[in-house]
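In the text below, chain A, chain B and the rest are named by the order of the sequence lines, each starting its count at 1. Side chains are part of it too, since the values below use all heavy atoms of this structure and drop only hydrogens, waters and symmetry mates.
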There are 2 protein chains.
Amino acid sequence: MMRKEAEPPATGSRAWQRRQRVAQILASAERVFAEAGFEGASMSALAAAAGLPKANLHYYFGTKEALYTALLDSILDLWLSATDSIRPENDPAEALAAYIHAKMRWSRTRPYASKVFANEVLHGAPYLGSYLAGDLRTLVREKSRVLEGWIAEGRMDPVDPPHLFFAIWAMTQTYADFGAQIRAVLDRPDLTAQDHARGTETVLRLVLKGCGLRFGAAESPGK
Amino acid sequence: MMRKEAEPPATGSRAWQRRQRVAQILASAERVFAEAGFEGASMSALAAAAGLPKANLHYYFGTKEALYTALLDSILDLWLSATDSIRPENDPAEALAAYIHAKMRWSRTRPYASKVFANEVLHGAPYLGSYLAGDLRTLVREKSRVLEGWIAEGRMDPVDPPHLFFAIWAMTQTYADFGAQIRAVLDRPDLTAQDHARGTETVLRLVLKGCGLRFGAAESPGK
DNA sequence: GTCTATATGACGATAGAC
DNA sequence: GTCTATCGTCATATAGAC
């Protein structure tokens with residue numbers, strides 16, 4: 001389950017066309033898998049979403065499971081990419097704020113990707129287990145060491161780094177994964193920009209003040 | 001979808017026996033639905049988990065959907081019960097800490113119930129939607145008013161109350177719903193008591209300090 | 001009330017014409 | 001490469017003996 005993009009094929013070539021089709025199928029499948037889960041997403045529904053007969057999906061991916069794992073694979077890239085700001089030489093408050101902003105933005109712009117990931121983990125990560133115990137564990141250990149450095153230097157309070165990551169993931173992804181609940185409680189058909197701003201502000205406040213860092217945002221922007 | 005327990009039938013009566021059977025089926029179904037989702041949980045699997053032929057499940061519940069909604073219904077009671085501590089006359093720090101402890105305990109002791117609920121909401125809450133927009137919305141409004149009172153009295157920082165609830169729900173339930181991910185990252189077959197203690201401490205720290213309240217726990221108990 | 005045996009339909013997957 | 005028609009399997013649900 002490692003993605004490795006060799007040099008992409010020339011635009012318009014047969015291989016390029018195939019890749020376009022595959023990308024288009026994966027894009028439409030994201031929503032279907034997100035809303036119905038793996039078992040609930042039928043090949044008919046996936047085909048309808050892609051605007052193709054279902055035989056074509058089997059032509060491109062072979063099995064439903066292969067289509068699903070290809071989708072998971074494409075989603076993983078997004079998951080890992082946002083931690084760049086967490087580096088020893090950066091300011092803790094700025095680094096954590098940038099990370100939270102990136103994760104909140106991801107929940108807003110890619111809710112279906114988040115839900116596919118959530119559904120997979122919720123059901124025990126049968127396909128993603130080795131990735132979680134591999135790349136993700138390595139990443140968390142690496143970034144935890146950065147946080148431990150900041151703590152040792154007295155630049156932030158002694159928060160348990162892995163659990164801090166669990167908390168940040170949970171708070172930010174909940175706006176995608178549990179969006180139905182949040183919309184119901186707030187009584188909105190869709191979350192507004194202000195809702196997202198308030199959510200981001202709340203997460204920033206809890207994490208930054210919780211880590212003993214400055215929290216400089218305005219109290220309630222746009223209230 | 002409103003539960004209303006009239007006076008329970010006498011012990012040993014026919015109605016009592018039936019209720020026992022129903023409770024037993026629901027208890028075993030919780031795990032199956034949690035691990036496989038609604039579509040992934042087959043009546044055969046549900047029957048095997050209950051130790052009964054699948055025809056019996058149809059005898060007691062009629063349809064798979066009815067069995068599922070009965071289970072959801074039984075889980076909702078748990079969801080609403082933990083907010084008692086949040087009342088105007090209580091101390092904000094103690095009230096929030098008690099709520100967080102209750103939610104964390106629930107994640108540890110009833111992970112399957114949490115997952116069934118999470119799966120339902122993740123897929124758009126098709127059966128639970130009216131409850132979310134009804135009872136839960138009412139509860140959040142009521143408790144938010146308590147928090148707003150505390151804020152107005154200067155007893156805590158001006159945190160957006162509904163978003164604070166979303167954050168607390170997310171952080172506490174993640175230990176059940178995303179347990180597979182947490183176990184993988186921490187490299188444990190099961191979370192230890194210490195893992196749970198550290199998770200609880202982290203959530204308490206973020207919420208209490210994030211709200212400008214005292215956070216009195218030891219730095220790292222049992223380290 | 002309990003269970004075996006089965007009806008009915010939807011599913012993933014494929015064969016084969018184009 | 002694309003699509004229609006169809007195969008075999010497994011799902012939910014039920015009929016009917018005990």
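The backbone N or O of B:Ala36 sits nowhere less than 3.5 Å from a side-chain atom of A:Glu39 that would complete a donor-acceptor pair. In terms of modelled atom types and a separation under 3.5 Å, the side chain of A:Thr174 and the main chain of A:Met171 share no donor-acceptor contact.
Contact check of residues 52-60 of chain A against DNA chain C (heavy atom, cut-off under 4.0 Å) returns A:Lys54, A:Ala55, A:His58.
Aromatic ring pairs are classed by plane angle as parallel below 30°, tilted from 30° to 60° and perpendicular above 60°; the pair A:Tyr175 and B:His163 is parallel. Between A:Trp169 and A:Phe165, the ring-plane angle classifies as tilted under the 30° and 60° cut-offs.
Using a 4.0 Å cut-off between charged side-chain N and carboxylate O, B:Glu30 and B:Arg110 make a salt bridge. The pair A:Lys115-A:Asp177 does not meet the salt-bridge criterion, since no charged nitrogen lies less than 4.0 angstrom from a carboxylate oxygen.
Partner of B:Asp195 under the salt bridge (charged side-chain N to carboxylate O under 4.0 Å, His left out) criterion, chosen from B:Arg108, B:Arg183, B:Arg188: B:Arg188.
Mapping heavy-atom proximity under 4.0 Å, the span of DNA chain D touched by chain B runs 5' to 3' from D:dT12 to D:dT14.
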key: Worked check of ring pair (Phe, Tyr, Trp, His ring centres under 6.0 Å) between B:His123 and A:Phe33   = CA-CA 9 Å; B:His123 294 56; A:Phe33 277 119; over 10 Å; no
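When heavy atoms are screened at a 4.0 angstrom cut-off, B:Ala41 is found touching the sugar-phosphate backbone but no base atom.
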